[in-house]
Amino acid sequence: MIQIKRKTFLPFALPSISEEAIEEVVQVLKSGWITSGPKVKEFEKNFSDFTGAKESISLNSATAGLHLSLEAIGLTEKDAVLTTSVTFTATVEVICYFKALPILTDVDPQTHLMTYETLIEAIQRECQEKNGALYHKKTQKKVKAIIPVHLAGHTCDMESIQEIAQRYKLYIIEDAAHAFPAIHKNKMIGTWGDFTVFSFYATKGITTGEGGMVTTSHKEHADRIRLMRLHGINRESFNRQGWYYEVVEAGYKYNLTDIAAALGIVQLKEANQFWERRTEIANIYNQAFANLPGISLPSEDSNGKHSWHLYRILVNNDCKLTREELSWELKKRNIGTSLHFIPIFHHPYYKKTFHFKKENYPNACKMYEQTLSLPLFAGMTQGDVSDVIEAMQDLLA
Ligand SMILES: Cc1ncc(COP(=O)(O)O)c(C=O)c1O
């Protein structure tokens, strides 16, 4: 084994910020209006045009978007929400904000997504049906929503999730933090569920530094989110006098700034180019790693177009190196990796609060032992991609 070390460290993800984006942000900084204003409006309109969504509401994170989507459906402590065990804590913590109950599904062994089968299994294990509605057996909390997560940018099977949602009258709030842009069965992600929530965190498909967007086709839900993202201030009342406004709810401070939106507007123009480059790199990896022993490659999205936010391999039991050794050896060669995700039931807070039993999630447990995310971002050069491939071949072939 020859240890070829890159001169500089290659992180597993980096944002791509163009000169045009920097210039647009500078213009806003010079304009005298840096908080939510005309750029936010323009960004929201452009986002709707891009995705085909009826309503787009920007926020300062996807976490805020998930929170306000649950707020808009009137979630309370008497309710429960079905979601996946393989996700970032944000997906589940927002359910806890309401003292509602998260019910976790296991995942598909290949894609690590929530599926029809894993949903049905969780429902049969944890819920009972009464008059067409679902209740959690132990607490009698009423199941009100499903939050599927398009992990890594691979889309969940939305039609089968919709079938379950319709059967039990549940809202669908898609966590699409990884899925911009992505297509499922010829429709953009952002036009499927009751709500779709995107993240513009630094490593995501497009970034505003921190930021998020909710899309929905329900006007009343969109208006509720708009109200609650800025202190519950009724915007109509602003028009009456220069200084007069009315607070009609105890809202939140979740608005996006014009500085961030200016960056978002340019990133949105570049989104397809970023997407193509990430897809190209994923294809190069797929070809280069096809015959490497001991690892499994991420599944293609047979139902649509993967956003390729992450490139997650599985390090199998028969691999020469363990997942930890592979990650360490890559790090020694100046190549960064990451892990998506430590399953929710593994974290101390969720364990002590909800007493999840890991035996109920065998596929998530196996995924956690084996998964590793390799560098993938639009700004990777051919040289960066070759370095990752050479290091992987050197270590595993
Ligand atoms: C699956 C998932 N959902 C939600 C979030 C939260 O996004 P944000 O940081 O924009 O709040 C993340 C962030 O990484 C995520 O990975």
Side-chain angles (χ1 to χ4, degrees), residues 11-15 40 43 47 56-71 81-97 102 104-105 107-108 111-114 145-156 161 172-182 189-190 193 195-215 225 228-229 252-257 260-261 263-264 267-268 278 298 306-312 338-347 350 364 367-368 371 373 376-377:
F12 93 96
L14 267 186
V40 161
F43 184 36
F47 200 83
S56 297
I57 311 105
S58 65
L59 298 144
N60 58 11
S61 70
T63 309
L66 291 164
H67 178 196
L68 292 192
S69 299
L70 290 174
E71 202 280 335
V81 177
L82 281 155
T83 190
T84 168
S85 51
V86 178
T87 186
F88 185 56
T89 184
T91 320
V92 186
E93 76 190 29
V94 291
I95 301 167
C96 304
Y97 293 176
L104 301 181
T105 70
V107 291
D108 178 83
T111 61
H112 310 134
L113 297 173
M114 169 197 278
I146 306 176
I147 309 183
V149 177
H150 302 299
L151 183 73
H154 188 305
T155 61
C156 295
I161 293 173
I172 298 178
I173 300 168
E174 292 166 73
D175 181 334
H178 298 186
F180 185 78
I189 292 296
F195 304 81
T196 312
V197 183
F198 298 93
S199 170
F200 307 136
Y201 176 71
T203 59
K204 298 299 196 293
I206 63 167
T207 185
T208 57
E210 299 279 0
M213 190 78 80
V214 179
T215 60
I225 294 173
M228 296 307 279
R229 76 175 163 181
Y252 301 89
K253 183 75 166 80
Y254 280 167
N255 54 311
L256 192 74
T257 67
L263 177 53
Q267 289 264 309
L268 197 54
R278 289 196 308 273
H306 205 303
S307 76
W308 289 111
H309 166 54
L310 299 172
Y311 190 88
R312 297 164 69 250
S338 191
L339 192 155
H340 300 90
F341 282 106
I342 301 169
I344 292 298
F345 53 79
H346 194 83
H347 292 294
Y350 293 112
M367 175 288 312
Y368 176 43
T371 189
S373 302
L376 177 59
F377 54 93

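Atoms within each ligand, like the ligands themselves, are counted from 1 in listed order. Note that this is a predicted model, so its numbers are computed, not measured.
- The closest approach between Gly211 and ligand 1 falls below 4.0 Å for a heavy atom of the residue.
- Of the listed residues (Ala64, Ala90, Gly65, Ala179), the one carrying the non-hydrogen atom nearest atom 5 (C) of ligand 1 is Ala90.
- For ligand 1 and Thr87, the ligand atoms under 4.0 Å from any heavy atom of the residue are 1 (C).
- Only one option out of Thr83, Thr84, Thr196, Thr91 pairs with Asp175 in a side chain to side chain donor-acceptor pair (under 3.5 Å); it is Thr91.
- Atom 11 (O) of ligand 1 has Thr63 OG1, 2.5 Å as its closest protein atom, hydrogens excluded (heavy atom only).
- Any N or O atom pair closer than 3.5 Å counts here, and Lys204 shares at least one such pair with ligand 1.
- Residue-level proximity to ligand 1 for Thr91 is carried by the side chain, the only part with a heavy atom below 4.0 angstrom.
- The proximity of His178 to ligand 1, defined as any non-hydrogen pair under 4.0 Å, is limited to the side chain.
- The proximity of Ala62 to ligand 1, defined as any non-hydrogen pair under 4.0 Å, involves the side chain as well as the backbone.
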Report task. Given side-chain contact (heavy atoms from CB on, under 4.5 Å), test Leu268 with Phe180 step by step and report yes or no. Result -> CA-CA 10 Å; Leu268 197 54; Phe180 185 78; 3.5 Å; yes
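- Taking a cut-off of under 4.0 Å to the non-hydrogen atoms of Phe341, the atoms of ligand 1 that pass are 16 (O).
- Taking the ring centroids of Phe43 and Phe200, they lie under the 6.0 Å cut-off.
- In this structure, Phe341 has its ring center under 6.0 Å from that of His178.
- His67 and Tyr252 have their aromatic ring centers within a separation under 6.0 angstrom.
- With a 4.5 Å cut-off on side-chain heavy atoms, Ile146 and Ile161 count as touching.
- With ligand atoms numbered from 1 in the order given, ligand 1 contributes 2 (C), 3 (N), 4 (C), 5 (C), 12 (C), 15 (C) to contacts under 4.0 Å with heavy atoms of Ala177.
- Ranking the protein heavy atoms by distance from atom 12 (C) of ligand 1 puts Phe88 CD2, 3.7 Å first.
- When non-hydrogen atoms are compared, ligand 1 lies under 4.0 Å from neither the backbone nor the side chain of Phe198.
- The CG atom of Leu310 lies 7.5 Å from the OG1 atom of Thr203; values are rounded to the nearest 0.5 Å.
- Summary of contacts: the protein heavy atom closest to atom 10 (O) of ligand 1 is Ser199 OG, 2.7 Å.
- The aromatic ring centres of His154 and His306 sit less than 6.0 Å apart.
- The heavy atom nearest to atom 3 (N) of ligand 1, considering only Thr208, Asp175, Leu66, Val149, is found in Asp175.
- The aromatic ring centres of Phe198 and Phe47 sit less than 6.0 Å apart.
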